[in-house]
Amino acid sequence: MFLQPSHPPERNPYDATEWDLEVIQLADQLGYNEAWIGEHFTSTWEPIPAPDLMIAQALKSTKQIKLAPGAHLLPYHHPVELAHRVAYLDHLSQGRLLLGVGAGAMPTDLETFGVEFGENRKMMAEALEIMLKLWNEKEPFEFKGKYWNANKVEGNDILKPHMEPFQKPHPPIGVTGLSPGSETLKMAGEKGFIPMSLGNNLEYIANHWKDVEEGAKRSGRNPQRSEWRITRDVFVADTDEEALEGSLNSMMGRHYREYYLPLFRQLGGVSVFKHKSSVDENDITPEYVAKHNWLVGSPETVATKFANLYEAVGGFGTLLVVSYDYSEDPAMWKKSMRLLKEEVLPRVEKKLKVKI
């Protein structure tokens, strides 16, 4: 699951979180592998600013699913403080924590924190360097950076650094990429991090793996497609007609109609939704996206679309299903989650002749 988390602006933070926790609990019961939870500060449609607080709650009501901030936006945190929070949460998770990191792209988030666009990627790299040094280096050090200063002190028998991650040397780290030629995905390849593709455009996504491989060459790594995560909007129902009604004319459609497409038009990035580069941007509507990008339909239809996606990009490891707020009609969304696990995946295995 990939929870942005998406909620309509009228939903209060408590009710929004309760719905997200309900979705994560069901995913755990159904045997889903992971749930990634986003972090935003100035989006009314993605209103959760502290995914680690949600994770701390979800850990108490789940048993096997791995949980992750997806992602902590590093320019907006002091890396020493965040390194300690992540290490502590890793202990609470007893090894069920993954860590997503990002540079932040919302212009209003950047403005709120006084971060210049273009500097945010450099800040992300420096913050991550500090966090990794704190986790990996045993000896004291002084770090004088462009954006932050940090020290690992020697201390004494009473006062000294003590908080290290539960997983050694640290939880698995994932980074997201959206645009073609993604620098963050190149960094994933270079550093051996989990690459996560957020785009809908198949051309972009297929080329994302080339970005990962390009980055891997810098450090002599051999990236594995089994580590690659791809997000997709998915809705499964008994028939294609029911699925289209339950997605396009419900919360998924509203999210795109009132928020996502207007936002990407504002940012000049609506091309990420094109299934072909020749498509006119004015033709990008929720109906267009539902037809060309979403995995929507009956179990057989969705299995075919899933298999086609897998083959079109050359294979990947994990499908991350974008989650939406269906708290006003929860049975519809929960049924889709069940059908995906119980009816779609067995069909995909047969079509691709692979074990999922």
Side-chain angles (χ1 to χ4, degrees), residues 1-12 15-20 22-24 26-27 30 32 38 40 43-48 198-202 230-266 269-276 279-306 308-309 319-344 347:
M1 302 300 294
F2 188 83
L3 295 86
Q4 295 170 323
S6 168
H7 298 283
E10 67 271 14
R11 189 81 68 236
N12 67 65
D15 290 339
T17 301
E18 287 296 296
W19 169 253
D20 291 331
E22 197 173 333
V23 168
I24 293 169
L26 178 60
L30 291 172
Y32 281 55
H40 303 89
S43 171
T44 57
W45 283 82
E46 301 177 75
I48 306 301
L198 302 183
N200 283 272
N201 182 308
L202 274 182
I230 293 177
T231 64
R232 263 300 185 263
D233 296 284
V234 180
F235 195 95
V236 193
D238 292 327
T239 67
D240 291 350
E241 294 73 21
E242 287 179 58
L244 196 60
E245 176 68 25
S247 57
L248 190 57
N249 296 324
S250 196
M251 191 49 64
M252 279 176 65
R254 184 184 169 195
H255 175 96
Y256 270 82
R257 192 170 290 110
E258 297 181 27
Y259 171 57
Y260 225 39
L261 291 181
L263 172 66
F264 274 80
R265 290 190 198 285
Q266 216 178 82
V270 76
S271 60
V272 301
F273 301 107
K274 294 182 180 182
H275 81 293
K276 290 182 179 178
V279 174
D280 190 299
E281 290 193 0
N282 293 321
D283 294 333
I284 308 299
T285 63
E287 289 75 15
Y288 170 92
V289 178
K291 178 180 179 181
H292 293 288
N293 295 331
W294 294 356
L295 307 186
V296 168
S298 67
E300 181 60 27
T301 297
V302 173
T304 299
K305 291 181 177 181
F306 190 148
N308 290 344
L309 169 66
L319 180 74
L320 296 176
V321 179
V322 182
S323 183
Y324 292 96
D325 188 333
Y326 275 71
S327 54
E328 292 169 2
D329 193 354
M332 188 187 301
W333 184 254
K334 291 178 179 181
K335 181 177 179 179
S336 175
M337 289 178 63
R338 288 193 182 92
L339 288 174
L340 176 60
K341 184 66 169 64
E342 298 171 0
E343 300 291 336
V344 174
R347 287 175 165 86

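Not measured: the values here are computed from a predicted model.
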What pair of heavy atoms forms the shortest contact from [X] to [Y], and how long is it?
| X | Y | value |
| --- | --- | --- |
| P299 | A237 | CD-O, 3.2 Å |
| A303 | R347 | CB-CB, 3.5 Å |
| D325 | W19 | CA-NE1, 3.4 Å |

[X] and [Y]: side chain donor to acceptor below 3.5 Å:
| X | Y | value |
| --- | --- | --- |
| R257 | T285 | no |
| S43 | Y259 | yes |
| S298 | D240 | yes |

[Y] side chain reached by [X] side chain, heavy atoms, under 4.5 Å:
| X | Y | result |
| --- | --- | --- |
| R338 | E343 | no |
| M337 | L26 | yes |
| S323 | W333 | yes |
| D329 | S250 | no |
| H292 | N200 | no |
| Y324 | P5 | no |
| I48 | H40 | no |
| P8 | M251 | yes |

How many angstroms lie between atom [atom1] of [X] and atom [atom2] of [Y], to the nearest 0.5 angstrom?
| X | Y | atom1 | atom2 | value |
| --- | --- | --- | --- | --- |
| E18 | N12 | CD | CG | 10.0 Å |
| R11 | T44 | CZ | OG1 | 13.0 Å |
| M252 | M332 | CE | CE | 12.0 Å |
| E46 | L3 | CD | CG | 11.0 Å |
| L295 | L319 | CG | CG | 6.5 Å |
| E22 | T17 | CD | OG1 | 12.5 Å |

Show the numbers, then the answer: is there a side chain to side chain contact (heavy atoms under 4.5 Å, CB included) between F235 and W294? CA-CA 8 Å; F235 195 95; W294 294 356; over 6 Å; no

Under the side-chain contact (heavy atoms from CB on, under 4.5 Å) test, which residues partner K274, sequence neighbours left out? N201, S271, V279, E281, I284, Y288

Please verify the inter-ring angle class for Y260 with H255; under 30° counts as parallel, over 60° as perpendicular, anything in between as tilted. tilted

Could you walk me through whether H7 and D20 pass the side chain to side chain donor-acceptor pair (under 3.5 Å) check? CA-CA 9 Å; H7 298 283; D20 291 331; 2.7 Å; yes

Only one of V321, L339, L320 passes side-chain contact (heavy atoms from CB on, under 4.5 Å) with V234, and that residue is V321

V302 and V296: CA distance, side-chain angles, deciding distance, side chain to side chain contact (heavy atoms under 4.5 Å, CB included) verdict: CA-CA 6 Å; V302 173; V296 168; 5.6 Å; no

Sidechain-backbone polar pair: Y32 side chain, I24 backbone, donor-acceptor under 3.5 Å: no

Has Y326 got a side-chain atom pairing as donor or acceptor with G246's backbone, closer than 3.5 angstrom? yes

Please evaluate residues E328 and R254 with respect to the criterion salt bridge (charged side-chain N to carboxylate O under 4.0 Å, His left out), reporting the C-alpha separation (whole Å), side-chain torsions for both, the decisive distance (0.1 Å), and the verdict. CA-CA 13 Å; E328 292 169 2; R254 184 184 169 195; over 6 Å; no

Apply side chain to side chain contact (heavy atoms under 4.5 Å, CB included) to residues T304 and T301 and explain how you reach the verdict. CA-CA 5 Å; T304 299; T301 297; 5.8 Å; no

Under the side chain to side chain contact (heavy atoms under 4.5 Å, CB included) criterion, do R232 and L309 qualify, and how do the steps go? CA-CA 10 Å; R232 263 300 185 263; L309 169 66; 3.8 Å; yes

